[in-house]
Number of protein chains: 2
Amino acid sequence: MTPSPAPQQRMTKQRAAVLEALEASTEFRSAQAWHDRLRHDGSTVGLATVYRALQALAESGDVDAVVTDSGETLYRRCEAGEEHHHHLRCRLCGRAEDIDMPEFERWADRIASQHGYSRIDHTVELTGVCEACAAEGRG
Amino acid sequence: MTPSPAPQQRMTKQRAAVLEALEASTEFRSAQAWHDRLRHDGSTVGLATVYRALQALAESGDVDAVVTDSGETLYRRCEAGEEHHHHLRCRLCGRAEDIDMPEFERWADRIASQHGYSRIDHTVELTGVCEACAAEGRG
DNA sequence: GTCTTACTGATAATCATTGTCAAAACGAGG
DNA sequence: CCTCGTTTTGACAATGATTATCAGTAAGAC
Ligand SMILES: [Zn+2]
Ligand SMILES: [Zn+2]
Ligand SMILES: [Zn+2]
Ligand SMILES: [Zn+2]
């Protein structure tokens, strides 16, 4: 294989717009929802570009991504820096809280090795209805 | 709303075949994978029918369903009866172990209410590479 | 400015899943 | 066993989120 010539990143108008949209909210939204918001805010960014930007950001750890039960991927800006964490997310409005659970991490590793499994990964997501949404009687 | 006239279930050849296939394995497979297996075993069951059967079984709690990171839904027969449980699944072959974690359940409820969230639901899945797959050097 | 190369956006393609609907199969009752 | 109202089936179209294409655009190094 070739020594992979270090891929460069360029800060474009579009990427900046996506970043700005992400910064303006702490809620989980789908790529299409972010795209809608950008268009409504006057941007002419293309849908594919939004997908690409969000995926790149998710890979680099700058945004959090979760997959819903229906298979949709939701993104939001990551508030917790590099650190591994989980979420408590409102199913109705996308609001989310960062959750830390170091005990779980250790427990998962132990259980896995007890069963002979290696290269462990895990998915932990809590969903519910936030106080505001409950008050409005949504859902 | 109408008194919902008690929906009946009929045991058809196709549903029996799906059940039989599920009984013959403890591994998580996609609807399409189960369909393939059924066709290879001589059945002429249609793909849509397999989807319908698996969904019905999942709703009734007779099979476990998980959504992968890529959005695909995997099914396998449920070994743990009605009881709520989680899985440690091999990413390569679909093998899975049932995992119980009552502490987590309690913890999740507590965290959620501390943040003012109600109607809590949760997703906890562990994935890894099982001993057999690791031995074969797959992945 | 010039040039190389990554990026963009309109659009087509993919792929799992769901909807449609006429034909076939259940199974209760006779 | 035969009949009949329902449920189920299966081939195929449709959906909807995501990805691939590819010609044109624009970072940013020099
Ligand atoms: Zn909410
Ligand atoms: Zn974790
Ligand atoms: Zn395995
Ligand atoms: Zn649980």
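The chains referred to below are lettered A, B, ... by the order of the sequence lines, with proteins before strands, and numbering in each begins at 1. Bear in mind the structure is a predicted one, so any value in this text is a computation, not a measurement.
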Q) Do the charged groups of B:Arg76 and B:Asp98 touch, with an N to O distance under 4.0 Å? A) yes

Q.
Given A:His122, which partner from the list A:Tyr117, A:Trp107, A:Phe104 fulfils the ring pair (Phe, Tyr, Trp, His ring centres under 6.0 Å) test?
A. A:Phe104

Q) In this structure, are over 12 heavy atoms from other groups packed under 6.0 Å from A:Glu79 atom CD? A) yes

(Q) With heavy-atom distances below 4.5 Å as the criterion, would you say the side chains of B:Arg95 and A:His115 are in contact? (A) no

Q) Between B:Leu22 and B:Leu57, is any pair of side-chain heavy atoms under 4.5 Å apart? A) yes

Q. Just by protein heavy atoms under 4.0 Å, how would nucleotides 12-20 of chain D read 5' to 3' in B, S and -?
A. -----SBBB

(Q) I'd like to compare against my own output: the B/S/- annotation of nucleotides 22-30 of chain C with a strict under-4.0 Å heavy-atom distance to protein. (A) ---BBS---

Measure from [atom1] on [X] to [atom2] on [N] and round the result to the nearest Å.
X	N	atom1	atom2	answer
B:Arg29	C:dT17	CZ	C1'	20 Å
B:Asp36	C:dC15	CG	C1'	14 Å
B:Leu38	D:dG10	CG	C1'	14 Å
B:Arg15	D:dT8	CZ	C1'	7 Å

Q: Examine B:Val18 and B:Tyr75 and state if one hydrophobic cluster contains both, with Ile, Leu, Val, Met, Phe, Trp and Tyr joined whenever side-chain heavy atoms are less than 4.5 Å apart.
A: yes

Q. Just one of B:Thr49, B:Leu47, B:Leu54 clears the side-chain contact (heavy atoms from CB on, under 4.5 Å) bar with B:Tyr51, so which one?
A. B:Leu47

Q) Does one side chain, of B:Ser60 or B:Asp62, offer a donor that lies under 3.5 Å from an acceptor on the other? A) yes

